[in-house]
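Here's the structure, in structure tokens; my notes come after.
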2 protein chains.
Amino acid sequence: MEKVNANNKKQMKQKVTLKQIAKELDVSISTVSKALKDSVEISLDTRQKVKAFAKLYNYKPNNIALSLKNRKTKTIGVIIPEIVHHFFTTVIGGVEKVANEKGYNVIICSSNNSFDKEVINMEMLASGSADGFILSVAKETQLKKDYHHIEETMSQGMPVVLFDRIIDELVCDKVIIDDAKGAQSATNHLLSIGCKKIAILTTVDYISVGKLRTNGYLRALRAYDIPENEEYILKIEDIDNCEAEIESFLKGKDIDAVFAVNELFAVTAIRVLHEQGKRVPDDVAIIGFTDGILSKHFIPSLTTISQHGEDMGIRAAKLLIDKLEGDESVTEEYRTVIIDTSLVQRKSTKKTKD
Amino acid sequence: MEKVNANNKKQMKQKVTLKQIAKELDVSISTVSKALKDSVEISLDTRQKVKAFAKLYNYKPNNIALSLKNRKTKTIGVIIPEIVHHFFTTVIGGVEKVANEKGYNVIICSSNNSFDKEVINMEMLASGSADGFILSVAKETQLKKDYHHIEETMSQGMPVVLFDRIIDELVCDKVIIDDAKGAQSATNHLLSIGCKKIAILTTVDYISVGKLRTNGYLRALRAYDIPENEEYILKIEDIDNCEAEIESFLKGKDIDAVFAVNELFAVTAIRVLHEQGKRVPDDVAIIGFTDGILSKHFIPSLTTISQHGEDMGIRAAKLLIDKLEGDESVTEEYRTVIIDTSLVQRKSTKKTKD
DNA sequence: AAACCTTACGAAAACGTTTGCGTGTGGAAA
DNA sequence: TTTCCACACGCAAACGTTTTCGTAAGGTTT
């Protein structure tokens, strides 16, 4: 459905440049530039005239020209696997916060989990649009193990900060959570409230965070002398269609708790359990990972491991800006910041009172 | 927690420019430029040499220089009120899709619902970083009714496309849904399954979409000859703390349905109703607005009005790019695209069989 | 009157491109 | 031998800044 409006000829007030001001005031471009910067080289009289004129015509220096001249853009490129994703957007929120404070602009691109798009975005931003990168790599990139675009960018002197889905082999700043430790404490929580038969819903192994969380789960079990049981482990292949996998996995299985490595698996498990006539948390306790919208608002609300996405973004941005503005000493060392996770207790793991 | 890695001196392979290639090959800059473009002016021999060299050194033209020269950036600026928001990110997804197809870059900024930040972001992007804007205005801007930054941008010849939270007074392209109509069909659906005492959970009036949806609700009631009842209308002030408001509103109220103007209100209503001992959908039917994560995964899953965010983004991007690349005729007319909403039936309004 | 110093400004280069036009070289035609 | 024309390339301007350096005008010292 469309409506079309006729248009009254708008009078364009094209952007005014130094050159135009100079011509108008019959002085040179350099005089205008200096006057606007309050240089003592220029007489007070001229300064005032120029500034008044500039204000009147709403002069704003052209960023592109400045970028070209200064050889820096004051822009941070952020590339994430998915834009429609609560965790990543909270990270972006953190990045923006710091960036804006420090006078940086933020360009966000989504790789859509595609290796090719990640490369394209990176090259595009690297060729003049951004001074440095904050990046969480695409699934495909993790699978393919091809990091030439990232290495190339770094070798051109542009700092890169990896977060969440990082790449161990790459020598650069990183911001992560201790996924294994978070998973371990999630599992510990289930053990501590008396659960013994704990299933895990995780991802296939090439997703680094999935694998790490699985490891944490196993570690917790070992510490409790509970033998690893393949039957309690489901590695979900197709996230978009996880319900079917979870359903057949859970069918008739004798468990008293589920640890899900993300929100979606957690709530899907609850739904499936409901349909199978089990109650959460009374029959089966559920714990998730990532403290997003679903966890907060679901019924029952989800006990979960918070990754503190905003903090991650803040730390990542700080690391990057330090690199961008720092001297040699800062430029030459690489940090890995590990953000502490925390257990957020809600109703999906209500303590059983027996 | 931090780890510091010592760093083996990286050998920087600084970005190579036309000038460097020219010097290396002992030809002029223009020859290099033309050779790379396969100009017939240049001998085949030279062309091949230049291209080989450029490839070897991974030459990529500098975007900034190109932008300066061409006076366009091939970049779309998107400004949204919140980045951590499912609907807005789906819109961005749509924008990116079209933009990438057409060779445009996308810069996303969040105004955080602040008027000042909206102005700053806009001015920053307008001074050279973007060719045009896709914008959903901040709450504060709607309250303040100060649109000078948008008008100014437009008068400088940069096209602006408004979406979702638009401003009627502004003459520019717009992409919206018919909020009132969507709300009306939501209400109609409730009426059609036999509900008679329908409450609405909406926002305060200065939020344009909230007001429009309230109007739609009222229109639907009128069509059924149901008198407007103030007692059934709750205008929520503090979204972050809506639970308390909803709780006291719903307490002891005799209703058989709730229409919530967003997901959060809807699921909060369900939670409150649960606590008050009522069942959804058996005692009270619920319908929401915006088809997001919560609606899809909640138990019961939510019947809702889908706004088709991705489509909105696609249309907005197309409108903008048409303006950017179009000739006069296209530049001089403004369209308002109305995206059709649709009713997504799920379990929160299961048909009562009586 | 010559030498000097301020003051106030302009010229030009630089950032990395693209492109219209000018030009030197060589060979072919006259 | 002269004239002409392709051919292959370089020059320079332009985009909008910033900044270094040069310099004219005018006044102040000797």
Side-chain angles (χ1 to χ4, degrees), chain A residues 14-51 53-54 57-75 123-124 126-131 156-158, chain B residues 14-51 53-54 57-75 123-124 126-131 156-158:
Chain A
Q14 272 294 345
K15 302 228 69 172
V16 60
T17 68
L18 290 185
K19 188 193 273 195
Q20 290 164 37
I21 301 183
K23 197 165 74 181
E24 214 65 36
L25 260 44
D26 207 36
V27 293
S28 77
I29 296 181
S30 23
T31 301
V32 177
S33 175
K34 289 171 187 167
L36 290 174
K37 300 196 129 48
D38 248 326
S39 158
V40 289
E41 270 188 279
I42 307 300
S43 72
L44 199 64
D45 192 50
T46 311
R47 268 186 268 170
Q48 289 172 339
K49 250 194 320 207
V50 169
K51 284 197 275 188
F53 195 91
Y57 283 84
N58 192 28
Y59 170 77
K60 293 261 165 42
N62 180 312
N63 280 336
I64 295 289
L66 284 179
S67 296
L68 185 59
K69 176 132 195 43
N70 301 331
R71 257 104 74 71
K72 58 183 173 190
T73 60
K74 281 276 194 177
T75 296
E123 289 185 345
M124 161 168 250
S127 54
S129 305
D131 296 336
Q156 288 172 350
M158 317 184 65
Chain B
Q14 273 294 346
K15 303 228 67 171
V16 59
T17 68
L18 289 184
K19 189 194 274 198
Q20 290 163 37
I21 300 183
K23 198 166 73 179
E24 214 64 38
L25 262 43
D26 208 36
V27 293
S28 78
I29 297 180
S30 24
T31 301
V32 178
S33 174
K34 288 170 185 167
L36 289 174
K37 299 197 128 50
D38 248 327
S39 159
V40 289
E41 270 187 279
I42 308 299
S43 72
L44 199 64
D45 191 52
T46 310
R47 267 186 269 169
Q48 288 173 339
K49 250 194 319 210
V50 169
K51 284 198 274 188
F53 195 92
Y57 282 84
N58 192 26
Y59 169 77
K60 294 262 163 43
N62 181 311
N63 281 334
I64 295 289
L66 285 178
S67 297
L68 185 59
K69 177 129 192 43
N70 301 332
R71 258 104 76 69
K72 59 184 172 188
T73 61
K74 280 276 193 176
T75 296
E123 289 185 344
M124 162 168 249
S127 54
S129 305
D131 296 337
Q156 287 172 351
M158 316 183 65

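Every value quoted in this text rests on a predicted model; they were computed, and no experiment measured them. Chain identifiers are assigned alphabetically (A, B, ...) following the order of the sequence lines, protein sequences preceding nucleic acid strands; residue numbering begins at 1 within each chain.
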Just so I know, are the side chains of A:Q20 and A:T17 near enough to count as touching, which here means a heavy-atom distance under 4.5 Å?
yes
*C:dG16 phosphate, OP1 or OP2: any side-chain N/O from A:R71 under 4.0 angstrom?*
yes
In whole angstroms, the gap separating P of D:dA14 from CG of A:L68 amounts to 17 Å
Here the distance between atom P of C:dT17 and atom CG of B:L36, to the nearest Å, is 10 Å
Query raised in the report: If we only count heavy atoms from C-beta on, is the A:S39 to A:R47 side-chain gap below 4.5 Å?
Result: no
- Task: Could you check if a side-chain atom of A:L36 sits within less than 4.5 angstrom of a side-chain atom of A:L18, using non-hydrogen atoms only?
- Result: yes
CD of B:Q156 to NZ of A:K60, rounded to nearest 0.5 Å, is 7.5 Å
Got B:N58 and B:V16 here, is their nearest side-chain heavy-atom distance under 4.5 Å? no
Comparing nearest nucleotides in DNA chain D, the 5'-proximal residue of the pair A:E41, A:K19 is A:K19
In whole angstroms, the gap separating P of D:dC9 from CG of B:D26 amounts to 12 Å
message = Looking at B:I29, is its backbone amide N or carbonyl O close enough to the side chain of B:S33 to form a donor-acceptor pair, meaning the two atoms are under 3.5 Å apart?
response = no
Would you tabulate the pairs of protein nitrogen or oxygen atoms and nucleotide nitrogen or oxygen atoms of nucleotides 11-13 of chain D closer than 3.5 angstrom?
{"residue": "D:dC11", "atom": "N4", "partner": "B:S30", "partner atom": "OG", "Å": "2.7"}

**Request:** Indicate, with a heavy-atom threshold strictly under 4.0 Å, whether A:T46 touches base, sugar-phosphate, or nothing.
**Result:** sugar-phosphate
Heavy atoms only, 4.0 Å cut-off, all strands: where does A:K72 land among base, sugar-phosphate and nothing? nothing
Applying a 4.0 Å non-hydrogen cut-off, can you work out what B:S33 is touching in the nucleic acid: base, sugar-phosphate, or nothing? base
From CG of B:L25 across to P of D:dG10 the rounded distance in Å is 10 Å
When rounded to whole Å, the CD to C1' distance for the pair A:Q20 and D:dC15 reads 12 Å
- Does A:S43 place a side-chain N or O at less than 4.0 Å from the phosphate oxygens OP1/OP2 of C:dC9? yes
From CG of A:L18 across to C1' of C:dA14 the rounded distance in Å is 16 Å
Quick note, A:K37 side chain, CB onward, closest among C:dG10, D:dT18, C:dC15 is D:dT18
(message) For B:K72, I'd like to know if atom NZ has over 12 heavy atoms of other residues, nucleotides or ligands within 6.0 Å.
(response) no
Is there a side-chain contact between B:Y57 and B:I21 (heavy atoms, below 4.5 Å)?
-> no
To the nearest angstrom, the CG-P distance between A:N62 and D:dT18 comes to 10 Å
Rounded to whole Å, CG of B:D45 lies from C1' of D:dC7 at a distance of 14 Å
B:N62 side chain to A:G128 main-chain N or O, any donor-acceptor pair under 3.5 Å? no
Side chain to side chain, A:D38 and A:K51, heavy atoms closer than 4.5 Å:
yes
The bend of the helix from C:dA1-D:dT30 to C:dA30-D:dT1, taken between the axes of its five terminal pairs at each end and rounded to 10°, is 90°
